[in-house]
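Position 1 is the first residue of the sequence, and the numbers go up from there. Values below: every heavy atom of this structure, side chains too, minus hydrogens, waters and symmetry copies. We count ligands from 1, going down the list as the structure has it; atoms in each ligand are counted the same way.
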Amino acid sequence: MLKVDKLNQYYSGSHILRDVSFEAPIGKVTTLLGRNGVGKTTLLKVLLGLVPSRTGSISFEGKDLTRAPSHERVRAGIGYVPQGREIFPRLTVLENLQMGLATRPGGTRIPERIFEMFPVLKQMLKRRGGDLSGGQQQ
Ligand SMILES: Nc1ncnc2c1ncn2[C@@H]1O[C@H](COP(=O)(O)OP(=O)(O)O)[C@@H](O)[C@H]1O
Ligand SMILES: [Mg+2]
C-alpha cells in the first residue's frame with residue numbers, strides 16, 4: 001500500500017500540491033486524472049524524491065519514505081516510467097532495459113514480454129539509446 005498524507009509542495013512561491021492525501025493498494029491500478037498543469041507530474045516526482053515536499057508524509061508498505069533519497073524508494077519497490085524520452089542516450093538499448101532491473105537480484109533476465117510488445121528492441125539491443133528514433137526511444 002502506498003499512503004500519501006497531506007502532502008504540500010511548492011516551486012519557489014507557487015503552491016502546487018495542497019494537502020494531497022490518497023491510498024494506492026498493491027495489486028490494483030490507481031489512476032490520477034486532472035487538467036494540464038494541475039500537478040500530476042509534480043506529485044509523481046515528489047513520490048520518487050526527485051522534487052522535495054514541504055509538509056506531509058509518504059509511506060510504502062508501512063515504511064516511511066517521506067525524507068528518503070530516491071534510491072531508497074526504488075529499493076523499497078517504487079518505480080517510475082516518465083512520460084517523455086527520459087532514457088540514457090549514451091547507454092545501449094540493452095543497458096537501458098537492464099537499468100529497470102537494477103534492484104532485482106543479479107542475473108535477472110529482461111522479461112520476454114518486453115520484446116513481444118516491442119519486437120524492434122531485440123534487433124537494436126547494441127545500438128545507443130540516443131540513436132533510436134524519437135518514437136522508438138519513447
Ligand atoms: N520545475 C518547475 N519549476 C517551476 N514550476 C514548475 C516546474 N515544473 C512544473 N511547474 C509548474 O507546476 C504546475 C504543475 O505542473 P505539472 O506537475 O507538470 O502538471 P501536470 O503534470 O498535471 O500537467 C504547473 O503550473 C507548472 O507550470
Ligand atoms: Mg504532466
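Judged by distance alone, the side chain of S57 and the main-chain N or O of T66 form no donor-acceptor pair under 3.5 Å. For R75 (side chain) and T103 (main-chain N/O), no donor-acceptor pair under 3.5 Å exists by modelled atom type. A distance-only check finds no donor-acceptor pair linking the side chain of H71 to the backbone of R73 [under 3.5 Å]. A donor-acceptor pair is defined here as one N or O able to donate and one able to accept, closer than 3.5 Å; no such pair exists between the side chain of N8 and the backbone of G56.
Taking only non-hydrogen atoms, the option from S12, G13, G37 nearest to atom 24 (C) of ligand 1 is G37.
Remark: minimum distance from atom 18 (O) of ligand 1 to any protein heavy atom is reached at T41 CB, 3.8 Å. The shortest contact between atom 10 (N) of ligand 1 and any protein heavy atom is with Y11 CE1, 3.4 Å.
By the neighbour-count criterion of 12 heavy atoms within 6.0 Å, atom NZ of K6 is sparsely surrounded, having that number or fewer from other residues, nucleotides or ligands.
For ligand 1, the atoms sitting less than 4.0 Å from at least one non-hydrogen atom of I16 are 12 (O), 13 (C), 14 (C), numbered in the order shown with element in parentheses. Counting the atoms of ligand 1 from 1 in the order shown, those under 4.0 Å from a heavy atom of N36 are 23 (O).
An N or O contact shorter than 3.5 Å links G39 to ligand 1 by distance.
With respect to the salt-bridge test (charged N to carboxylate O, under 4.0 angstrom), the residues E95 and R90 do not qualify.
For T42, heavy-atom contacts with ligand 1 shorter than 4.0 Å involve the backbone as well as the side chain.
Judged by distance alone, the side chains of Y11 and T42 do bring a donor and an acceptor atom under 3.5 Å apart.
Within the 4.0 Å cut-off (strictly below), a protein heavy atom is located near atom 8 (N) of ligand 1. For atom 26 (C) of ligand 1, no protein heavy-atom neighbour is found at a distance under 4.0 Å.
At a cut-off of 2.8 Å, N36 is not counted among the residues with an N, O or S atom near the Mg ion (ligand 2).
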